[in-house]
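Order of the sequence lines sets the chain letters (A, B, ...), proteins ahead of strands, with each chain counted from 1.
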2 protein chains.
Amino acid sequence: MVTMTEVARAAGVSVSTVSHVVNGTRLVATATRERVQHAMDMLGYQHQPTARSLSAGTNRTIGLAITVATNPYWVELIQGIDREATRAGLNLIIVDTRDDARHESVAVANLLAHRIEGLITAPADGWRELTLPMLRDHALPYVLVDRITPDLRVDQVGVENEAATIAIIDHLISLGHTRIGMLSGIPGLSTSTERVHGYHAAHQRAGLPVDPELILVGSSTTDGGRKATWELLQFDDRPTALFAANNSMAIGALAALSAAGVKVPADMALTAFDDFPWADLFSPGLTTVAQPSAAIGARAVQLLLRRMNDPDAPPQTVRLPAEIMHRQSCGCVSR
Amino acid sequence: MVTMTEVARAAGVSVSTVSHVVNGTRLVATATRERVQHAMDMLGYQHQPTARSLSAGTNRTIGLAITVATNPYWVELIQGIDREATRAGLNLIIVDTRDDARHESVAVANLLAHRIEGLITAPADGWRELTLPMLRDHALPYVLVDRITPDLRVDQVGVENEAATIAIIDHLISLGHTRIGMLSGIPGLSTSTERVHGYHAAHQRAGLPVDPELILVGSSTTDGGRKATWELLQFDDRPTALFAANNSMAIGALAALSAAGVKVPADMALTAFDDFPWADLFSPGLTTVAQPSAAIGARAVQLLLRRMNDPDAPPQTVRLPAEIMHRQSCGCVSR
DNA sequence: CTGCTTTGCGCAAAGACTTGCGCAAAGCAC
DNA sequence: GTGCTTTGCGCAAGTCTTTGCGCAAAGCAG
């Protein structure tokens with residue numbers, strides 16, 4: 001492996017000078033700089049940030065701890081983070097948390113061992129007990145994405161769950177629906193509770209009573225969505241519209257409805273949180289709430305950068321607006 | 001940050017002893033070892049593999065360079081690699097290649113900077129020119145997954161594309177189909193060509209002629225699949241069955257067929273490569289070729305381990321068998 | 001008790017890089 | 001020409017860990 005020492009010898013300068021041209025940390029005469037550059041090219045010098053991090057304690061690398069899941073929302077989030085990190089000159093390395101607090105903590109320990117200087121994470125349930133203490137021990141700057149913890153003073157980015165839910169429920173109400181079923185996500189996650197809040201708020205605003213029986217837990221899975229939908233279909237006083245709090249449950253709902261021979265949107269209107277690329281390939285096309293995943297990711301990187309530069313900055317919670325993608329399943333017959 | 005020096009002082013031993021108890025590299029008297037352990041616990045010592053890699057040149061970390069995509073196949077592959085790496089005591093860090101050779105090379109350079117000791121990658125087109133030379137320069141052990149390059153003597157793992165395709169086409173033929181349309185993937189990738197080979201081989205074996213017009217490029221995307229299907233529907237002598245070479249194209253096909261009012265499987269049988277969780281939620285359920293993604297990932301890790309231990313071992317190409325998931329879309333009315 | 005082996009541990013160099021300090025040369029005003 | 005400021009660069013210490021070498025103590029056979 002070719003080291004700075006060799007480059008220095010080849011260029012006839014000291015290693016400190018080589019270091020300074022590599023990092024641009026102090027002025028180096030143009031002629032000297034070019035000699036060094038040339039020597040590096042000749043020898044094929046490869047910088048070793050890992051050694052730098054030893055002495056300088058910095059390597060421009062941030063970590064992302066997230067669950068690697070098939071959900072397009074996560075994938076776009078990761079892509080958004082990756083792109084923004086690249087733009088900011090940061091290296092990004094990713095580890096899988098498996099959405100499990102125990103595994104999350106070992107994954108983060110792994111990142112820590114690689115001397116990351118900041119962390120972005122979509123915390124699993126149990127994160128506060130297992131992972132957070134490690135981050136504090138290391139005084140590592142971090143920001144939370146997707147899942148917001150309101151009672152914690154930390155930097156975090158998510159979508160406007162409540163407002164978006166209100167908007168879509170509102171839409172259903174304006175179409176004349178008064179009994180709207182809801183399939184809610186994994187209990188305990190902030191995203192789940194916020195969406196339920198939105199459901200209530202929309203009803204209240206419209207002066208409509210909420211029938212608590214219409215809110216079923218679908219646990220964010222396809223199977224959970226299917227079962228919950230099936231239950232709703234058993235009611236004497238069936239809902240006429242359905243809102244699934246994420247895309248997997250929506251797919252489950254779709255399956256249950258078609259199995260039961262319920263026509264969408266004629267017999268039942270259907271809407272969902274989370275857009276996905278083939279949402280309009282179903283017939284009818286699914287009306288969804290599209291999260292700005294990439295923007296959320298980018299914003300997370302920016303927050304992290306800010307925190308890395310100023311550890312004492314006041315913590316910030318950012319909410320990005322979502323967009324309703326009108327298709328056919330809601331029955332409003334647009335396009 | 002607490003270093004070995006501090007632990008050593010606290011335990012009243014030298015740093016070398018601390019290092020040896022941490023790594024188990026030489027015999028340390030039980031009493032001493034316990035003192036050191038205790039000191040580490042008290043001080044909350046965190047090992048710094050990055051510093052080790054400086055002097056010892058090893059840190060037990062491997063990298064994964066892969067495209068972070070919504071395709072469930074990739075996701076399961078990543079999960080398989082992650083689990084097997086954990087089992088083997090290896091740390092895994094992931095970077096996104098965006099399935100683009102240029103970006104892939106910077107991502108790999110990033111990994112290299114973190115002193116990984118091995119790499120698993122699903123190479124993008126152009127990999128041989130941009131990334132491979134870097135790997136060779138660094139003498140880095142690596143293994144390829146998913147995409148097999150037959151003319152390169154390297155370690156690689158993939159699925160039996162040809163055999164699996166033969167099996168599924170055979171199934172269609174046995175159901176009486178003689179004109180079978182094929183939607184093929186991104187041209188140039190080994191997976192694509194192998195599946196086309198399988199298509200031909202199955203026909204040959206059955207003594208059936210191949211009509212080249214029936215093989216259309218769908219480029220592995222939903223949209224490509226839809227367009228190609230639409231074209232096939234225009235033929236006077238329409239195919240009676242369809243085989244999509246990946247899941248995205250299958251979804252596109254499904255969309256095109258339903259838009260055209262073609263009933264599956266009555267008017268057109270449909271099968272596809274790549275299973276996905278909600279394949280049986282469509283009606284009819286999609287008959288697919290399921291790849292053992294997790295097993296492929298695990299195997300890749302094993303191959304890498306072997307190569308890391310023995311750089312001169314003969315390169316190995318591993319093919320894992322796929323499984324046909326019979327559902328309704330093929331028209332064979334199983335279950 | 002002597003001399004040899006084994007067991008247990010410390011010393012110090014090495015590994016690749018950064019950076020505070022300080023020196024020398026050049027530039028400049030007077 | 002003199003004295004002061006810039007500009008440009010080298011020296012060497014420091015970062016955390018590993019490991020070859022070698023020393024001391026303990027164990028043991030004779």
Can you pull the salt bridge (charged side-chain N to carboxylate O under 4.0 Å, His left out) pairs that have at least one residue in residues 8-17 of chain A, sequence neighbours excluded? none

What pairs meet the side chain to side chain donor-acceptor pair (under 3.5 Å) rule with one or both residues in residues 25-38 of chain A, with sequence neighbours excluded? A:H20-A:R26

Less than 4.0 angstrom between a side-chain N/O of B:Y45 and OP1 or OP2 of D:dT17, yes or no? yes

For A:E84, what residues pass the side chain to side chain contact (heavy atoms under 4.5 Å, CB included) criterion, not counting sequence neighbours? A:R87, A:A298, A:V301, A:Q302

Residue pairs passing the salt bridge (charged side-chain N to carboxylate O under 4.0 Å, His left out) test where at least one lies in residues 293-306 of chain B, sequence neighbours excluded: B:D155-B:R306

Side-chain donor-acceptor distances from residues 125-134 of chain A under 3.5 Å, at least two apart:
from, atom 1, to, atom 2, distance (Å)
A:R128, NH1, A:D151, OD1, 3.3
A:R128, NH1, A:D151, OD2, 3.3
A:T131, OG1, A:E104, OE1, 3.2

Whole-Å distance, A:M4 CE to C:dC17 P, equals 5 Å

Mind listing the N/O atom pairs, protein and nucleotides 9-12 of chain C, below 3.5 Å?
from, atom 1, to, atom 2, distance (Å)
C:dC9, OP1, B:T32, OG1, 2.2
C:dC9, OP2, B:A29, N, 2.6
C:dC9, N4, B:R26, NH1, 3.3
C:dG10, OP1, B:S14, N, 3.4
C:dG10, OP2, B:S14, N, 2.9
C:dG10, OP2, B:S14, OG, 2.7
C:dG10, OP2, B:T17, OG1, 2.4
C:dG10, N7, B:R26, NH2, 2.9
C:dG10, O6, B:R26, NH1, 2.5
C:dG10, O6, B:R26, NH2, 3.3
C:dC11, N4, B:S16, OG, 3.0

Checking all strands, does B:T3 fall into the base, sugar-phosphate, or nothing category for heavy-atom contacts under 4.0 angstrom? sugar-phosphate

